[in-house]
Trainee: 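Before we start, here is the structure in question, set down as structure tokens.
Below, read A as the first sequence line, B as the second, and so on, with proteins coming before strands; counting in each chain starts at 1.
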Number of protein chains: 2
Amino acid sequence: MTSIIKNFPGRHHDHAACIESALEQAVTLCRERGARLTPLRRRVLEIVWESHAPLGAYDALQRMNAGGERNAPPTVYRALEFLLEHGLIHRIESRNAFVGCTTPGNSHKAQFFICRDCGNVAETHSEEIGEAIKASATRTGFLVEKPVVEISGRCLKCHDDE
Amino acid sequence: MTSIIKNFPGRHHDHAACIESALEQAVTLCRERGARLTPLRRRVLEIVWESHAPLGAYDALQRMNAGGERNAPPTVYRALEFLLEHGLIHRIESRNAFVGCTTPGNSHKAQFFICRDCGNVAETHSEEIGEAIKASATRTGFLVEKPVVEISGRCLKCHDDE
DNA sequence: TTTAGCTTTGCTATAGTATAATATATCTAT
DNA sequence: ATAGATATATTATACTATAGCAAAGCTAAA
């Protein structure tokens with residue numbers, strides 16, 4: 001069932017299955033919640049999932065309109081907002097872009113590793129990072145609400161290929 | 001000498017001294033490096049330091065032009081770029097905004113705590129967070145280059161005042 | 001002290017990201 | 001079938017950022 005990849009996509013990553021799995025999970029999750037995954041929203045999710053690299057809103061819009069449609073920016077932004085609310089995608093703040101969530105429904109605090117070469121993102125959920133942030137916050141006199149942890153660098157595949 | 005505050009500004013924070021100290025440190029650091037802290041760049045640094053909250057580029061521009069000047073966006077962006085290069089300010093990715101660096105010259109990896117109420121930012125340099133990120137990166141197969149750690153929440157002062 | 005080369009600033013235009021506001025359409029539950 | 005709520009369409013505009021080139025200023029060597 002869960003064939004969404006967790007770390008960086010390997011050499012034999014079956015991305016068609018990956019997308020399919022993400023969409024299936026989204027359908028299930030929305031049904032459970034009574035949220036309406038309309039064709040438009042579903043289409044945007046599918047587009048975001050076309051790769052493991054963060055996609056800009058206007059890039060998504062271009063893909064939506066590739067067949068001659070005339071969707072305007074608010075349309076894609078509203079769809080993205082819905083997908084964010086339901087934890088189906090993440091916003092990558094340091095890129096002004098969006099990426100599919102690998103663990104929809106468990107939308108706790110995540111960290112993102114973003115390869116500067118291939119652009120792919122790996123999502124982790126490290127307790128250790130979360131705890132370290134909490135400890136530092138306490139020392140600083142701060143109550144954590146929304147941690148943004150986005151690490152740029154290189155994935156091993158790109159490093160090895162260099 | 002170093003009167004730049006490290007955590008959130010307290011009730012009796014002397015901000016005039018805080019700005020002065022930041023500018024002094026900048027002058028010293030640029031002299032050491034042979035970098036040219038021109039009046040324009042110095043002015044932008046001063047504006048960024050007017051508060052402990054991240055300031056947008058266009059807000060800085062407005063302040064620069066408050067006396068009727070006609071500086072254009074590239075001018076402020078170039079000054080900000082210079083200040084970033086020399087570690088005198090930080091860019092807060094999640095806000096598209098800039099804040100003074102509290103430890104210029106030691107421009108290692110920093111973490112930022114950003115209060116959603118007062119907007120103030122505290123800068124920390126937690127080894128623990130850095131190590132936790134490194135460990136998670138290793139498990140994920142990733143080489144860290146530029147970690148972005150920006151935590152939104154509330155500072156204790158705002159929490160207590162509520 | 002003049003000139004050549006480099007750095008900085010000025011200026012215009014444009015690209016890229018995001019949302020306000022209002023109108024229309026669609027869905028859901030009675 | 002209809003009322004109320006939700007979703008989509010459309011236009012306009014705000015906000016963020018950079019490309020490209022011209023002019024001015026600085027620095028160092030002759």
Trainee: Is there a donor on the side chain of Arg36(B) or the base of dG25(D) sitting less than 3.5 Å from an acceptor on the other?
Mentor: no
Trainee: If you count heavy atoms of other groups shown closer than 6.0 angstrom to CD of Gln62(B), is the number above 12?
Mentor: no
Trainee: Does one side chain, of Arg139(A) or Asn7(B), offer a donor that lies under 3.5 Å from an acceptor on the other?
Mentor: no
Trainee: Can you say whether a donor on the side chain of Arg78(A) sits under 3.5 Å from an acceptor on the base of dA18(C), or the other way round?
Mentor: no
Trainee: Mind checking Arg91(A) for me? I need base, sugar-phosphate or nothing, with any heavy atom below 4.0 Å counting as a touch.
Mentor: sugar-phosphate
Trainee: Does a distance-only test, which skips hydrogens and angles, find a donor-acceptor pair under 3.5 Å between the side chain of Tyr58(A) and the base of dA18(C)?
Mentor: yes
Trainee: Report yes if some heavy atom in the side chain of Ile89(A) is under 4.5 Å from a heavy atom in the side chain of Val99(A); otherwise report no.
Mentor: no
Trainee: Measure CG/Leu40(A) against C1'/dC27(C) and give the value in whole Å, please.
Mentor: 15 Å
Trainee: Let me know the distance between CG of Leu80(B) and P of dT16(D), rounded to the nearest Å.
Mentor: 12 Å
Trainee: What distance do Arg43(A) atom CZ and Thr38(A) atom OG1 have between them, rounded to the nearest 0.5 Å?
Mentor: 12.5 Å
Trainee: What nucleic acid atoms does Arg42(A) come within less than 4.0 Å of, heavy atoms only: base, sugar-phosphate, or nothing?
Mentor: nothing
Trainee: Counting only heavy atoms from other residues, nucleotides and ligands, does the tally under 6.0 Å from CD of Glu50(A) exceed 12?
Mentor: yes
Trainee: If I take atom OH in residue Tyr77(B) and atom P in nucleotide dT9(C), what distance separates them, rounded to the nearest angstrom?
Mentor: 17 Å
Trainee: By nearest heavy atom, map Ala97(A) and Arg41(B) onto DNA chain C; which one lands nearer the 5' end?
Mentor: Arg41(B)
Trainee: Leu84(B) has an atom CG; how far is it from atom P of dA17(D), in whole Å?
Mentor: 11 Å
Trainee: Are Asn96(B) and dA17(D) close enough that a side-chain N or O sits under 4.0 Å from OP1 or OP2?
Mentor: yes
Trainee: Would you say Asn71(B) places a side-chain N or O within less than 4.0 Å of OP1 or OP2 belonging to dT9(C)?
Mentor: no
Trainee: Among dA18(C), dA17(D), dT9(C), which is the nearest nucleotide to the side chain of Ala57(A)?
Mentor: dA18(C)
Trainee: Please report, rounded to the nearest Å, how far the P atom of dG10(C) is from the CZ atom of Arg43(B).
Mentor: 14 Å
Trainee: Rounded to the nearest Å, what distance is computed from the CZ atom of residue Arg70(B) to the C1' atom of nucleotide dG10(C)?
Mentor: 13 Å
Trainee: Base, sugar-phosphate, or nothing: which does Thr38(A) touch, judged by heavy atoms less than 4.0 Å apart?
Mentor: sugar-phosphate
Trainee: Which residue, Pro73(A) or Phe82(A), contacts DNA chain D at a nucleotide closer to its 5' end, judged by nearest heavy atom?
Mentor: Phe82(A)
Trainee: Separation of Leu61(A) atom CG from dA15(C) atom P, in whole Å?
Mentor: 16 Å
Trainee: Expressed as a whole number of angstroms, how long is the span from Arg95(A):CZ to dG16(C):P?
Mentor: 16 Å
